[in-house]
Enquirer: 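The structure is given below, and queries will be raised subsequently.
Just so you know, these numbers use all the heavy atoms, side chains as well, and skip hydrogens, waters and symmetry mates. Proteins come first, then strands; the chains are lettered A, B, ... in the order of their sequence lines, and each starts at number 1.
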Amino acid sequence: MSITVLYFASLREQMGRADDHIEAGTATTVSEVWSRISEGVEMPANILCSINKEYVDAGHSVKDGDEVAFFPPVTGG
Amino acid sequence: MSITVLYFASLREQMGRADDHIEAGTATTVSEVWSRISEGVEMPANILCSINKEYVDAGHSVKDGDEVAFFPPVTGG
Amino acid sequence: MIQLRESRFDPWLELQAYQDSLAIKGKYGATAVFVGSMRDFNEGDEVRAMTLEHYPGMTEQYLDKIVHEAVQKWPLLDSLVIHRVGDILPDDSIVLVAVWCAHRASAFDASRYIMEELKSNAPFWKKETLTEGTRWVEKNTPS
Amino acid sequence: MIQLRESRFDPWLELQAYQDSLAIKGKYGATAVFVGSMRDFNEGDEVRAMTLEHYPGMTEQYLDKIVHEAVQKWPLLDSLVIHRVGDILPDDSIVLVAVWCAHRASAFDASRYIMEELKSNAPFWKKETLTEGTRWVEKNTPS
């Protein structure tokens, strides 16, 4: 199961990279993806998550081929 | 005591003139000015009044040299 | 700035020129604008033209009062109010209200306040030319 | 229409050109516009420049969603949303939101709704260049 993970803004800088491509187990969730890519760092409460460019909660399930993104609070406009 | 009276919009057309110049008694009010110029027609409830270009109630007193105006509800913008 | 105009104006070019003249560049983060235009249809009837009457002197004074009230209520950096008078055709701009503020809440609130006060109380009167005959607009709709 | 722009735009010329292209002349009585501009001062510090990051694809999709929600809620005749991305300087326009309606209440409500939803949820991130160093803007103020 192959998943693309994207990071934006300050989180991208903290991660030191813009994306990851991971092979997850069969069934997984956004928070499990976070655990995989963060090497045990807890997900900050204000981090937002999306799957395939739609907002989701951290508990949302992730399927093969999904694009998962993590980013800080938005500051446009 | 000389008073200028102005009419605007539909009221001006109903009066058939844009203004009057009247000699009132010593002390008078906006409604008394109306009575003088309207020949007994009661002031419609929605007519607005001003003295010297400031909104006033019909009971407001009028003094020598004042410019009194009567006009219908406003419809700008 | 407050202006009555007897001829057609382009609200966007007015805004461009006015904003360009302001010495507050980099200070405003929020500009809120309202433009009222003449529709070709009102109260179920086709409207061909319109005449906007005002009370010279009182109208300007009343617009000034509204803007001063807005300045008391919100931190406005600048404002522009332009209102047409005289003969107007469909699609013409009738009124432009613009405010410049540091932040957006006050810009939204102040522009709407100025427009509502203008519609409710500023001495202007519209007379519509229909397909047959003319009629005075009797009252503005509350917002 | 929704657009992301990588270079400076003049909101008033954009509005002039866009409105001129609309086939709704005489139908709209109310246009409400909001323009957000870059200030040279934020959170007590001088700001020299700014970079606006976005999430290509999701940002456009989210702006589209907001406008569709507004169309469900109010009778919009048309709308225009332009948002800058990339490198920005003080006094540059960051965002333009404009709506055209028959009547003013829906124009005021819809333009503010679109702006508030955009500020709250559309995926954009500002990084400021100060006199010394850079910093990410941490959150937008609620209106």
Enquirer: Is Lys127(C) in contact with chain B via its backbone, its side chain, both, or neither, using a 4.5 Å heavy-atom distance?
Expert: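 Contact with chain B: side chain only.
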Enquirer: Provide the closest heavy-atom pair for Asn52(B) versus Gln61(C) in the form atom of the first, atom of the second, distance.
Expert: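 That would be O-NE2, 4.3 Å.
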Enquirer: Using a 3.5 Å distance criterion without hydrogens, assess whether the side chain of Trp125(C) forms a donor-acceptor pair with backbone atoms of Pro72(B).
Expert: yes
Enquirer: I'd like to know which of Pro73(B), Ser50(B), Ala9(B), Ser10(B) tops the heavy-atom pair count under 4.5 Å against chain C.
Expert: Ala9(B)
Enquirer: Taking everything shown except Lys139(C) itself, do over 12 heavy atoms lie less than 6.0 Å from its NZ?
Expert: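 Atom NZ in Lys139(C) is not packed in, count stays at 12 or less.
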Enquirer: If you count heavy atoms of other groups shown closer than 6.0 angstrom to NE2 of His21(B), is the number above 12?
Expert: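 Atom NE2 in His21(B) is crowded, with more than 12 foreign heavy atoms closer than 6.0 Å.
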Enquirer: When you look at CD of Glu13(B), are more than 12 heavy atoms from neighbouring residues, nucleotides or ligands closer to it than 6.0 Å?
Expert: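 Counting neighbours around CD of Glu13(B), more than 12 heavy atoms of other residues, nucleotides or ligands fall under 6.0 Å, so yes.
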Enquirer: Would you say CD of Glu138(C) has more than 12 non-hydrogen atoms from neighbouring residues, nucleotides or ligands within 6.0 angstrom?
Expert: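 No.
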Enquirer: Does the side chain of Glu53(C) reach to within under 4.5 Å of the side chain of Phe71(B), using non-hydrogen atoms?
Expert: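 Side-chain contact under 4.5 Å: no.
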Enquirer: Please flag which part of Tyr62(C) lies under 4.5 Å from any non-hydrogen atom of chain B: side chain, backbone, both or neither.
Expert: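 Tyr62(C) touches chain B through side-chain heavy atoms alone.
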Enquirer: Do you know which of Val97(C), Ile94(C), Asn121(C) has the most heavy-atom pairs under 4.5 Å to chain B?
Expert: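 Winner by heavy-atom pair count: Asn121(C).
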Enquirer: Would you find more than 12 non-hydrogen atoms of other residues, nucleotides or ligands less than 6.0 Å from Asn46(B) atom CG?
Expert: yes
Enquirer: Give, as side chain, backbone, both or neither, the part of Ser120(C) having an atom under 4.5 angstrom from any heavy atom of chain B.
Expert: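 For Ser120(C), backbone heavy atoms alone lie under 4.5 Å from chain B.
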Enquirer: Is there side-chain contact between Leu6(B) and Tyr55(C), with heavy atoms separated by less than 4.5 Å?
Expert: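 In contact.
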Enquirer: State, yes or no, whether a side-chain contact exists between Phe8(B) and His54(C) at a heavy-atom distance under 4.5 Å.
Expert: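 The answer is no; the side chains never approach within 4.5 Å.
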Enquirer: So which of Leu96(C), Thr141(C), Val95(C), Asn140(C) has the largest heavy-atom pair count under 4.5 angstrom toward chain B?
Expert: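 Highest number of heavy-atom pairs under 4.5 Å: Asn140(C).
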